[in-house]
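Okay, structure first, notes after.
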Protein chains: 2
Amino acid sequence: MVQNNLRRFKAEVFQALAHPTRIAVVEALRHGEKSAGQLIEELQLEQANASQHLAVLRSKQLVVNRKEGNQVFYSLRDPNLIKVLDVLKRYFYSHLSQTMSMLEEIRNEEAHKNK
Amino acid sequence: MVQNNLRRFKAEVFQALAHPTRIAVVEALRHGEKSAGQLIEELQLEQANASQHLAVLRSKQLVVNRKEGNQVFYSLRDPNLIKVLDVLKRYFYSHLSQTMSMLEEIRNEEAHKNK
DNA sequence: TGCGAAGATTCGAAGAATAGAATATACTAT
DNA sequence: ATAGTATATTCTATTCTTCGAATCTTCGCA
């Protein structure tokens, strides 16, 4: 029972990370806080869209925010989150060739869509 | 560009893990391979549903399978995957109180639905 | 007070993910 | 061949996600 809820919780964290934009945000915050505006600029996002993704990250508590005047600064709630991404990176590298072919596939899908 | 595809790729891996059942499967495979049937029994899943979730894990290459006669044995493609989960566990523990309240929330939602 | 900037929220449409039911496939043993 | 067991696939209804457009809120400043 507890096991089950714990898994649901883990699933929610993964869910929060299951979008390229949100991964980009987390990576952008790796070395410290940034304002919503900075993130939008740096990652070339639409304002509303960025705000929505930030809301997801907030709701799953992967990031925390702090208001300062007109701006809202975001930072990672926990540096261990970066470790999760780093371990994942190692996971990729240990299967480079397969990773590559998967990327290739993604690229092809892309090319397909744009026709 | 490459950055972007890489993030998409990471997102796909997280997506694959973004379901309690699939997390349960990965955890169940932590110490070695198991047949689909064993997983179904151990995790109390419906056959079709289990098969669908396994298909997701396969398609993202988190697991590999091996046929032996009538049965199909699954195992993790890479032990680093377990490390990802382990790091995540550490992540939980470093925020135990918040984790608890989140679990509490999940439980409440649950109670709500079952009314 | 009123205006502009920074963010957040809400809404509707489109697409993706999920569960279960039914069906299909592949093997084994008779 | 036939039946039975293990697993996969397909279909459908439902729910969840995502996006952009529009709207709101809050703060700072003239």
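The figures here come from the full heavy-atom set of this structure, side chains too, leaving out hydrogens, waters and symmetry mates. Chain letters run A, B, ... following the sequence lines, proteins first and then strands; every chain starts at 1.
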side-chain contact (heavy atoms from CB on, under 4.5 Å) partner of E27(B), chosen from I82(B), L43(B), L85(B):
L85(B)
What contact category does A36(A) fall into here, base, sugar-phosphate, or nothing, at under 4.0 angstrom with non-hydrogen atoms?
sugar-phosphate
Any side-chain N or O of H19(B) under 4.0 Å from OP1/OP2 of dA19(C)?
yes
Specify the separation, in whole Å, of atom CD of E41(A) and atom C1' of dG7(C).
16 Å
Separation of dT18(D) atom C1' from R22(A) atom CZ, nearest Å, is 9 Å
In whole angstroms, how far is the P atom of dA6(D) from the CG atom of L39(B)?
14 Å
Please check this pair: side chain of Q38(B) against backbone of S35(B), looking for a donor-acceptor N/O pair closer than 3.5 Å.
yes
What about N70(B), does its side chain sit under 3.5 Å from the base of dT5(D) through a donor-acceptor pair?
yes
Just to be sure I understand the rule, does Y74(B) reach a base, reach only the sugar-phosphate, or reach nothing, if contact means heavy atoms closer than 4.0 Å?
sugar-phosphate
Taking only side-chain nitrogens and oxygens of N49(A), does any of them come within less than 4.0 Å of OP1 or OP2 of dC19(D)?
yes
If I take atom CD in residue Q38(A) and atom C1' in nucleotide dA6(C), what distance separates them, rounded to the nearest angstrom?
13 Å
Starting at CG of N65(B) and ending at P of dA6(D), how long is that distance when rounded to a whole Å?
17 Å
Ignoring hydrogens and geometry beyond distance, is the side chain of E46(B) in donor-acceptor contact with the base of dA19(C) at under 3.5 Å?
no
Could you give the CD-to-P distance, from Q47(A) to dT18(D), as a whole number of Å?
18 Å
Rounded interatomic separation in angstrom, taking CG from L54(B) and C1' from dA6(D):
13 Å
May I ask you to check whether R66(B) and Y74(B) show a side-chain donor-acceptor distance below 3.5 Å?
no
Given the structure, check if the side chain of Q52(A) and the base of dT10(C) hold any donor-acceptor pair shorter than 3.5 Å.
yes
Let's see if you can work this out: which of dT7(D), dA17(C), dA8(C) has an atom nearest to the side-chain heavy atoms of Q71(B)?
dT7(D)
Side chain of R77(A), backbone of Q61(A): donor and acceptor closer than 3.5 Å?
yes
Same apolar cluster: L62(B) and L29(B), side chain cutoff 4.5 Å
yes
If you compare every side-chain N and O of S35(A) against the phosphate oxygens of dG7(C) (OP1, OP2), does one of them come in below 4.0 Å?
yes
H53(B) has an atom NE2; how far is it from atom P of dG20(C), in whole Å?
9 Å
